[in-house]
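What follows is a short report on a single structure.
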Amino acid sequence: MTTLSVPDISCGHCRASIQTALAAIPDTGRVDVDLTTRRVTVAGPASSDAIIAALATIGFPAQVQPDL
């Protein structure tokens, strides 16, 4: 599982855009977008580099959050 901070997400459209972009990456599994905490959690084993690159492509800079 990978959790990322994505400070620019703010609405349902952002959520849909992120889910669509990450669905195109193999092995993402379930994608949860939390608008309150502005975090994205990817359940599958997809590479964090691929996830970050996909988010950057659609205008959402992100960084991996350490395990809590």
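All values below were derived from every heavy atom in this structure, side-chain atoms included, with hydrogens, water molecules and symmetry-related copies excluded. Only a predicted model underlies this, so the values are computations on that prediction, with no experimental measurement involved.
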Can you hop from Leu22 to Met1 via hydrophobic side chains spaced under 4.5 Å?
-> no
Give the cluster check for Val6 versus Val64: same hydrophobic cluster or not, with ILVMFWY residues linked at side-chain heavy-atom distances below 4.5 Å.
-> yes
Closest heavy-atom pair, Ile58 versus Ala21, reported as atoms and distance to 0.1 Å, is CD1-CB, 3.7 Å
Check: Asp34 main-chain N/O paired with Arg39 side-chain donor or acceptor under 3.5 Å | no
Under 3.5 Å, which donor-acceptor pairs do the side chains of residues 41-52 form with other protein atoms, sequence neighbours left out?
from	atom 1	to	atom 2	distance (Å)
Ser47	OG	Asp49	N	3.1
Ser47	OG	Ala50	N	3.2

Pairs involving residues 15-31, ordered by first then second residue, that meet side chain to side chain donor-acceptor pair (under 3.5 Å) (sequence neighbours left out) | Arg30-Asp32
Asp8: what forms a side chain to side chain donor-acceptor pair (under 3.5 Å) with it, not counting sequence neighbours?
-> none
Separation of Ser5 OG from Gln65 CD (nearest 0.5 Å) = 4.5 Å
